[in-house]
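Below, read A as the first sequence line, B as the second, and so on, with proteins coming before strands; counting in each chain starts at 1.
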Number of protein chains: 2
Amino acid sequence: MEFKHQPTVTLAEVAEAAGVGESTVSRVLRNHGSFSGKTRERVMAAVERLGYVPNRIAGTLASTGSRLVAFVIPSLSNIVFPDVLRGASAVLEENRYQAVFSVTDYDPGKEEALAAAMLAWRPAAVMLAGCEHTEGTVKMLRASGCRIVELLDLDGDALDIAVGFSNRAAGRESAAFLLKQGYRRIGYVGHDLNRDTRAGKRFSSFCETLDAHDTQLVAREILAGASSVENGRLGLERLLARTADLDAVYFSNDDMALGGYFHCLAEGIAIPSKLAIFGYNGLDIGRATPQPLSTIRTPRVATGQIAAQLIVANAPPQAVDLGFELIEGATA
Amino acid sequence: MEFKHQPTVTLAEVAEAAGVGESTVSRVLRNHGSFSGKTRERVMAAVERLGYVPNRIAGTLASTGSRLVAFVIPSLSNIVFPDVLRGASAVLEENRYQAVFSVTDYDPGKEEALAAAMLAWRPAAVMLAGCEHTEGTVKMLRASGCRIVELLDLDGDALDIAVGFSNRAAGRESAAFLLKQGYRRIGYVGHDLNRDTRAGKRFSSFCETLDAHDTQLVAREILAGASSVENGRLGLERLLARTADLDAVYFSNDDMALGGYFHCLAEGIAIPSKLAIFGYNGLDIGRATPQPLSTIRTPRVATGQIAAQLIVANAPPQAVDLGFELIEGATA
DNA sequence: CGGCAAATTGGTAGCGCTGCCAAAAAAACC
DNA sequence: GGTTTTTTTGGCAGCGCTACCAATTTGCCG
């Protein structure tokens with residue numbers, strides 16, 4: 001059951017049909033170089049008549065530099081990454097760039113393999129999440145000569161371009177906020193931090209900030225696997241079973257926090273008087289719950305947009321800090 | 001600030017370094033055709049030493065048929081599509097295919113333009129949402145000779161391959177369920193149905209089924225813009241302001257339904273005794289709310305997986321019905 | 001109307017790889 | 001040892017397009 005491509009119309013056939021040279025057709029189609037209005041019309045007519053679709057594979061091979069942008073992202077389940085893609089894709093489409101992607105599942109080894117596979121397409125840029133990569137990945141990317149964009153994490157040395165914000169700062173501000181609100185018996189519910197290094201950074205900064213104010217994290221519950229509402233709910237349940245007298249819980253992100261929030265609703269635990277909840281990401285859904293979730297809103301779509309703009313503009317290496325916004329909400 | 005590609009290692013250089021012919025290197029690298037173990041080692045050593053990364057652009061151009069799969073999806077905000085991509089991407093990666101995508105924003109005109117742009121990459125397949133497309137899109141896709149996969153909607157004629165389920169059946173079963181539960185004063189809260197034709201189909205089948213049981217939809221509230229939790233909340237609030245004596249509300253999807261659910265929680269409206277809520281999609285979050293959401297679970301990830309498998313296997317044209325599952329939950 | 005600059009055009013050599021074919025080497029056979 | 005097979009190999013013509021350059025046409029001036 002082999003699939004065969006139908007014979008395709010080529011630029012040469014269009015040239016023939018229009019009675020002009022190949023290079024002329026190429027110029028007209030790319031609107032590059034000079035040609036008369038008359039020629040243009042004849043070419044476009046032939047294109048229309050034959051139903052010609054330019055072959056970008058051939059075009060890319062012949063020219064220097066492609067218009068592909070490769071995304072190597074950890075996950076598609078975590079809305080963070082679709083959000084980034086969304087921002088980037090809008091900008092890229094406007095500029096006739098094409099996005100290609102693959103998903104690492106938070107596995108650095110897989111990231112390396114997928115990045116290698118991506119480089120085979122000779123993209124204009126490779127966009128990766130965070131700034132922790134294997135040595136092999138870094139070496140390969142450096143050697144490729146294509147632009148590298150690291151997204152969503154500014155706590156580290158950028159290879160080329162970095163766009164995002166500081167996760168450490170986010171952890172710090174979260175802790176500072178909870179302390180300011182008077183909470184002292186604070187717990188943590190998180191997901192697999194070895195894989196999600198950005199959540200790990202937030203957590204360690206969070207703890208350091210508590211320390212700096214002579215407060216210790218009272219208890220923590222780390223769940224295996226990815227973040228999810230279900231895991232958040234389960235995590236808080238377990239945490240409270242072990243340590244009942246907490247007054248606030250910091251979650252690894254909003255998904256987890258919403259799970260915790262639902263647990264409290266279900267169990268009749270008063271929020272925030274009996275227990276405060278704080279998340280991370282500022283998902284829209286957290287603004288529509290009966291009590292708006294206290295969290296940190298991150299510029300995910302903007303991260304994608306800016307990253308794409310810098311690539312389109314071929315900007316010099318730089319780190320762009322888009323910051324984040326603490327939302328007081330009503331759960332803390 | 002023009003960016004220049006660094007000189008890249010080519011297959012010819014590897015051949016030279018390994019002291020073999022170009023075609024031999026090509027055979028070894030693709031593990032295709034015959035070559036001795038000794039040759040293999042020498043080639044691999046040269047590849048390693050020079051840090052050679054094959055150029056898939058050139059490879060694709062030279063060979064027939066590419067390993068690109070193009071996704072033209074309506075949105076990345078609606079988790080449905082990232083879910084489909086997730087399922088597909090896992091299968092494609094295993095088979096050394098590469099996914100490329102673009103986002104139409106539910107705009108058929110944009111779909112046509114983006115599909116055209118995609119075809120320029122000569123993909124092995126184009127995957128689209130639903131089975132409603134402009135005439136131009138259909139004509140172009142047909143002429144391209146590449147495989148076409150229509151996802152998530154089986155209520156229509158498939159161009160080539162279709163994978164998903166019937167949205168009409170989903171609407172029908174939703175109505176039947178609510179009727180069976182004894183609800184008679186039923187309302188609807190939805191988002192822009194002209195753009196999201198699948199939601200439109202569910203809604204019209206829902207109404208038809210009510211009709212068939214001598215029940216009329218009592219009230220409806222359609223919000224402009226995309227579906228969101230916020231809009232669901234707002235929609236239900238408006239609906240109830242106009243029509244207070246409803247006993248159940250059908251939402252265009254789970255995002256909207258969750259918004260409605262939150263509204264009830266906030267307003268102290270007892271669920272389901274005072275008001276029942278029914279959604280669509282079966283999002284994980286709906287299973288973690290204090291009361292599990294009554295909804296229909298759709299096989300989104302599986303849709304992506306199966307679609308990708310069919311393409312990888314070059315399966316003949318067919319429609320694959322993956323069905324869906326009605327989750328009784330506790331809100332209806 | 002000649003003469004020169006500017007605007008248009010066409011020819012063609014690659015881009016880096018694969019696929020085909022024939023040549024060479026190795027293995028098998030009588 | 002001489003063939004006949006079989007396995008390995010290398011050469012090279014494209015894939016469809018762009019970039020460069022040279023040729024041609026057009027426009028403009030005195």
Side-chain H-bond candidate by donor/acceptor type, Arg147(B) with Asn314(B), under 3.5 Å: yes
N or O in side chain of Ser63(B) less than 4.0 angstrom from dC15(D) OP1/OP2: no
Whole angstrom value for the distance that separates P of dC17(D) from CG of Leu29(A): 9 Å
Sugar-phosphate only, base, or nothing, as touched by Thr10(A) at under 4.0 Å among non-hydrogen atoms: sugar-phosphate
Closest to side chain of Leu11(B), choosing from dC17(C), dT8(D), dG19(C): dC17(C)
Proximity to DNA chain C (any heavy atom under 4.0 Å), residues of residues 19-28 of chain A only: Gly19(A), Val20(A), Gly21(A), Ser23(A), Thr24(A), Arg27(A)
Length of the CH2-P vector between Trp121(A) and dC17(C), whole Å: 13 Å
Minimum-distance nucleotide to Asn55(A) side chain [options: dG16(C), dG19(C), dG16(D)]: dG16(D)
Distance in angstrom units between Glu16(B) CD and dG11(D) C1', rounded: 15 Å
Distance-only polar pair, side chains of Arg27(A) and Thr24(A), donor-acceptor under 3.5 Å: yes
Close approaches to DNA chain C from residues 39-53 of chain B, in residue order (heavy atom, under 4.0 Å): Tyr52(B)
From CZ (Phe71(A)) to CG (Leu76(A)), nearest 0.5 Å: 12.0 Å
Residue-phosphate contact under 4.0 Å: Arg56(A) side-chain N/O, dG16(D) OP1/OP2: no
Rounded interatomic separation in angstrom, taking NE2 from His32(A) and P from dC20(D): 9 Å
Protein-nucleotide distance (Lys38(B), atom NZ; dA26(C), atom C1'), rounded to Å: 10 Å
